[in-house]
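Only heavy atoms go into these numbers, but all of them, side chains included; no hydrogens, no water, no symmetry mates.
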Amino acid sequence: MSSIETLYLAFFTTGLFVGFGHCIGMCGPIVVSFSLNLKPKKVMASNLLYHLGRISTYVVLGGIMGATGTFTRITTGIGGIQKGVMIFAGLVIIVMGLGMSGWIPMGRIFGDYYRPQGIISRSFRKLSGIQSTAAFLPLGLLLGLLPCGPVYTALISAARLGMEIQNSFKALLAGMGLMAAFGIGTVPALLMVARLTGSRWLKSREIIYKIGSVLMIFVGIYFFIKGLRF
Amino acid sequence: MTEILISKQCLVLEGFGHWIFEFEFYLKSGAWNLYFLEQYSNAAPTISDSRNSGQVKINFINPFDTEENMDHPNNKKKPHDIQARFQPKIIRILSRLSIVILFFSVIVLPITTEATDHAKIINCDVHHGTCTQSLRDTDVILDINPKPVKAMKDLNFTITLTGKQPVSAPYIDLGMPGMKMGPNRVTLKSIGKGVFTGSGIIVRCPSGKRIWEAAVTVPDIGSVEFIFDVIY
């Protein structure tokens with residue numbers, strides 16, 4: 001096994017460990033938010049597409065880091081976008097939580113009770129009711145940009161790998177491979193969370209459903225505030 | 001069996017009136033997925049959504065078409081009121097209690113525990129000078145530049161060893177106490193007797209936690225941990 005393949009394996013393993021520790025705590029709420037809103041039979045497919053999108057973003061970032069061999073310049077460049085994505089994620093989770101709880105009549109709050117086809121009403125209905133499986137791919141692509149400590153750490157390794165490899169194309173591929181290995185490693189833990197959340201048994205318990213929606217709202221606020229401070 | 005035809009434009013429907021918007025909202029979002037009808041009807045409703053006509057047709061047994069409810073004022077209540085009437089009291093109490101618990105666990109507790117942890121475990125002030133720890137017969141001195149030490153910046157790490165010298169260069173593993181962030185190793189090169197240097201980056205954790213540790217491993221001698229805070 002070459003040193004690069006060993007590195008891929010190391011980062012796949014890192015992804016696995018980080019997934020069951022860090023990711024469940026940090027990204028778990030996003031997965032829970034999406035999964036609670038889905039019909040049970042759509043949970044796995046939607047989540048797989050979400051992770052495919054997320055890993056694709058990691059791979060692109062890994063490729064850039066590998067090819068350029070720089071980390072700080074690129075992360076500084078995308079810092080504003082990451083801030084926006086974090087705020088957006090917070091808002092999406094809040095809206096999904098509000099929509100799911102049913103406690104707040106959003107039509108009236110957003111002032112278009114008499115205009116159901118108004119842009120605000122339509123946007124919030126779309127956000128709170130993301131049901132289309134295909135929609136989870138672009139969502140994953142976007143949320144792959146969420147600032148995340150372990151992802152940064154993996155990207156640093158991709159940049160270092162790029163610095164060690166003289167050929168830019170090989171460095172790009174190495175960076176992409178490393179991030180793909182890391183990203184794939186994080187999937188099992190988050191899929192497990194999605195599977196648990198999407199189970200019919202859980203969804204049939206109204207109290208759990210309600211607590212879930214409250215949790216979503218708080219987590220959304222948490223993301224939103226962290227995004228503003230980022 | 002009752003049949004209703006919901007126009008996506010016209011919201012007024014006799015018998016359901018002012019809450020039909022929410023009904024349509026739930027219907028379209030699928031979040032509640034005909035919660036009310038499933039909950040209060042004895043038979044599952046059938047739905048046909050004709051997108052071209054812009055109408056949704058629903059057939060169901062109206063739970064309010066009973067003798068008891070026909071003249072009942074609740075017949076014209078909002079869905080949330082109806083839901084509340086049917087919801088067991090214990091669920092309502094637990095729901096409200098959960099809000100308080102979750103608020104404290106998600107927002108308040110992390111802030112307070114983080115503040116307490118700060119004072120407890122930091123053993124190095126990297127912003128104002130070097131930090132020293134003893135490792136058997138060797139003193140390990142850590143210096144990080146530029147100061148103040150900020151996350152997401154290229155940093156220069158210098159380790160100075162006094163006393164017994166190692167067989168090979170030491171290295172530094174960067175991480176957060178209690179939070180696995182993945183391997184982030186700073187490899188060091190010797191630039192003089194007992195002085196080793198290398199570059200690395202401390203990443204930013206979106207959780208806002210700022211405590212980091214640098215575990216310095218000196219081959220054949222052992223390892224020490226420097227715990228410090230960084231600026232985001």
Side-chain angles (χ1 to χ4, degrees), chain A residues 10-11 14-15 17-18 21-22 25-26 36-39 71-72 75-76 79 82 86 96 99-100 102-103 105-108 113-114 116-117 121 124-126 128-131 146-157 182 206-207 210-211 214-215 218-219 221-223 226-227 229-230, chain B residues 8-11 18-22 24-33 35-36 39 78-80 83 87-88 90-92 94-99 101-103 105-107 110 151-154 174-176 179-185 187 200-209 232:
Chain A
F11 269 88
T14 301
F17 281 106
V18 164
H22 187 101
M26 298 299 287
L36 274 175
N37 222 17
L38 287 167
K39 287 173 183 165
F71 172 80
T72 47
T75 46
T76 305
Q82 289 188 301
M86 202 165 179
M96 282 178 149
M100 202 175 75
W103 289 332
M106 282 194 280
R108 258 165 278 162
Y113 172 61
Y114 296 104
Q117 298 307 318
S121 181
F124 273 84
R125 264 182 289 175
K126 276 182 184 167
S128 62
I130 296 175
Q131 288 259 303
L146 271 176
C148 169
V151 173
Y152 283 146
T153 308
L155 287 172
I156 288 174
S157 297
F182 172 78
E206 192 189 353
I207 182 69
K210 289 254 180 197
I211 290 172
V214 174
L215 182 65
F218 279 119
V219 168
I221 293 168
Y222 178 82
F223 267 73
K226 292 291 178 191
R229 287 180 177 177
F230 189 74
Chain B
K8 287 170 186 171
Q9 297 294 333
C10 177
L11 299 176
H18 53 281
W19 60 267
I20 199 67
F21 174 76
E22 278 97 335
E24 191 193 3
F25 174 81
Y26 296 133
L27 181 69
K28 286 195 76 178
S29 71
W32 278 59
N33 214 4
Y35 174 83
F36 294 111
Q39 193 84 350
K78 298 172 192 175
H80 303 110
Q83 179 199 350
Q87 202 176 45
I90 185 72
I91 290 181
R92 273 181 281 156
L94 283 172
S95 300
R96 280 158 201 173
L97 193 64
S98 72
I99 293 172
I101 294 167
L102 285 168
F103 177 77
S105 62
V106 174
I107 309 287
M152 307 301 279
K153 299 282 179 196
D154 290 310
L174 298 169
M176 290 184 89
M179 191 180 279
K180 296 289 175 201
M181 300 289 276
N184 185 1
R185 180 167 291 183
T187 52
I201 299 161
I202 292 171
V203 300
R204 181 176 182 168
C205 182
S207 69
K209 289 179 179 171
Y232 284 168

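Of the two parts of A/F17, neither the backbone nor the side chain holds a non-hydrogen atom closer than 4.5 Å to a non-hydrogen atom of chain B. Within the 4.5 angstrom heavy-atom criterion, no atom of A/F182 approaches chain B.
Here the closest heavy-atom approach between residue A/S157 and residue B/P183 is recorded as OG-O, 4.1 Å.
B/N184 and A/T153 share no side-chain donor-acceptor pair at under 3.5 Å.
Highest contact tally toward chain B, considering only A/G227, A/P147, A/G15, is held by A/P147 [criterion: heavy-atom pairs under 4.5 Å]. Residue with the most contacts toward chain B among A/P150, A/A154, A/G79, A/C148: A/P150 (heavy-atom pairs, distance under 4.5 Å).
Legend: residues meeting side chain to side chain contact (heavy atoms under 4.5 Å, CB included) with B/Y232, ordered by chain and number and at least two apart, are B/A151, B/M176, B/R204, B/C205, B/R210, B/W212, B/V230. For B/T187, there are no side chain to side chain donor-acceptor pair (under 3.5 Å) partners two or more places apart in sequence or in a different chain.
From A/I156, atom CD1 reaches atom CZ of B/R185 across 14.0 Å, with rounding to the nearest 0.5 Å.
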Taking it one step at a time, do A/Y152 and B/M152 satisfy side-chain contact (heavy atoms from CB on, under 4.5 Å)?
-> CA-CA 9 Å; A/Y152 283 146; B/M152 307 301 279; 3.6 Å; yes
